[in-house]
Amino acid sequence: MNINDLNAVAEAMVAPGKGILAADESTSSIGKRFAIIGLENTEDNRRAYRQMLITSPGMGEYISGVIMYDETIHQNTTDGASFVKVLQNVGILPGIKVDQGTIEMSGSPKEKVTAGLEGLPERLAGYAALGAKFAKWRAVITIGSTELTTGSELSIPTDANLRQNARDLARYAKNCQDAGIVPMVEPEVLMDGNNTMERCREVTEKVLTAVFEELRAIDVVINGIILKPNMVIPGKESGEKKSPDEVADATLKVFNKTLPNELAGIAFLSGGQGDIEATENLNAINRRGTHPWRVSFSYGRALQSAAMQAWHGNAANIASAQKIFLHRAKMNALASLGKYTAEAEHSS
Ligand code: 13P
């Protein structure tokens with residue numbers, strides 16, 4: 001695949017009015033989601049759940065691509081069609097998570113780095129042969145609690161952590177492009193802490209600056225990647241509440257400072273935001289006028305949680321769960337155009 005093809009795939013991922021379904025939870029992550037609905041984490045339940053999502057009638061209108069996990073990309077529907085084929089038949093791009101999860105950073109155990117670079121070119125070649133057009137790698141950046149961040153020695157995230165995560169993201173992105181696969185570059189600044197929105201803004205700016213330095217340093221083609229960032233929001237434990245307009249302003253302030261215009265597109269993670277909160281924030285960002293990049297979504301929890309609740313592991317609930325999933329996809333598709341409204345939310 002040449003550079004033009006990479007750019008074409010990247011642009012299709014963020015085509016107007018479309019976004020990505022992140023359905024690439026690892027076996028242990030999906031187990032945590034299933035535990036909420038009291039469902040056993042078996043291969044067949046995982047398969048049935050993903051089949052329910054990807055066979056939602058009409059999903060191709062709002063969803064451009066689906067990120068799968070290694071197990072999922074090898075699975076078939078009950079009718080024997082491969083999941084990859086099901087997606088291809090409705091014009092949805094198959095994607096694959098290629099990182100192998102996070103591990104403690106040596107020397108700074110409160111921080112994380114991501115595993116999976118070893119053997120990555122071989123694994124990418126295998127996924128490309130299966131039909132994957134894009135990949136995902138998630139790096140996690142932790143913001144230390146307020147007490148810790150007051151001392152510069154103890155400041156989390158450390159520069160070393162930012163640099164290693166940025167470097168590993170760049171190496172992964174380069175490997176993907178060499179394999180003809182569009183890399184989604186995901187540096188996630190976690191929203192779990194007690195930090196202010198201002199601290200999130202500061203850390204996100206540092207992270208994105210480092211990521212683009214490292215991408216450029218090894219000649220990753222910027223118009224052949226999709227950035228999957230966090231929004232700039234207060235930490236969950238901070239007690240701060242910010243309106244969608246405030247989130248949009250803070251997020252765009254960082255993006256305008258750090259992101260190159262040639263970036264093909266942005267597809268946000270939801271990161272633990274509520275379903276409607278994630279939609280409203282995306283909408284506010286897109287109502288701020290035209291940006292140099294398309295700004296869309298690549299949500300996991302914010303697209304799936306209501307549908308998973310409705311499904312509850314029961315085949316009799318498939319049609320109603322798919323309806324709920326499709327509604328969330330449509331609401332986020334509207335938000336990716338800045339056209340989401342409360343009326344649309346309550347329309348069905
Ligand atoms: P959330 O939207 O649930 O954060 O998941 C997106 C994702 O792909 C995280 O890697």
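Because the structure is a prediction, the values reported are computed rather than measured. Positions are given from 1, in the same order as the sequence printed here. Both backbone and side-chain heavy atoms feed into the values below; hydrogens, waters and symmetry mates do not. As the structure lists them, so they are numbered: ligands from 1, and atoms in each ligand from 1.
- Taking the six-membered ring for Trp, F268 and F255 have ring centres closer than 6.0 Å.
- Ion pairing between D249 and R288 holds under the 4.0 Å rule for side-chain N and carboxylate O.
- Every heavy atom of A278 sits 4.0 Å or more from the atoms of ligand 1.
- Close to ligand 1: G271, with a non-hydrogen atom less than 4.0 angstrom away.
- The shortest N or O to N or O distance between G272 and ligand 1 is not below 3.5 Å.
- Looking at N175, its side chain never comes within 3.5 Å of a backbone N or O of L120 through a donor-acceptor pair.
- In the vicinity of S298, heavy-atom distances shorter than 4.0 Å reach the ligand 1 atoms 6 (C).
- Look at K136 and you'll find a heavy atom under 4.0 Å from some atom of ligand 1.
- Contacts between R138 and ligand 1, counted as non-hydrogen atom pairs separated by less than 4.0 Å, involve the side chain only.
- Without hydrogens or angle criteria, T114 side chain to R138 main chain gives a donor-acceptor distance under 3.5 Å.
- An N or O contact shorter than 3.5 Å links K228 to ligand 1 by distance.
- An N or O contact shorter than 3.5 Å links S270 to ligand 1 by distance.
- The atoms of ligand 1 that sit less than 4.0 Å from any heavy atom of A22 are 8 (O).
- Put simply, M308 and F325 are part of the same group of oily side chains (I, L, V, M, F, W, Y) that touch within less than 4.5 Å, one to the next.
- Using a 30° and 60° split on the angle between ring planes, Y299 and F297 fall in the tilted class, from 30° to 60°.
- Here E198 contributes atom CD and S238 contributes atom OG; the two are 13.0 Å apart, rounded to the nearest 0.5 Å.
- Near Y299, meaning under 4.0 Å from one of its heavy atoms, ligand 1 places the atoms 2 (O).
- In E122, the CD atom is crowded: over 12 heavy atoms of neighbouring residues, nucleotides or ligands sit closer than 6.0 Å.
- Geometrically, ligand 1 and R33 share no nitrogen or oxygen pair separated by less than 3.5 Å.
- In this structure, CD on E25 lies 9.0 Å from CZ on R301, to the nearest 0.5 angstrom.
- Close N/O approach between G300 and ligand 1 is found [any backbone or side-chain N/O within under 3.5 Å].
- Atom 9 (C) of ligand 1 has E186 OE2, 3.2 Å as its closest protein atom, hydrogens excluded (heavy atom only).
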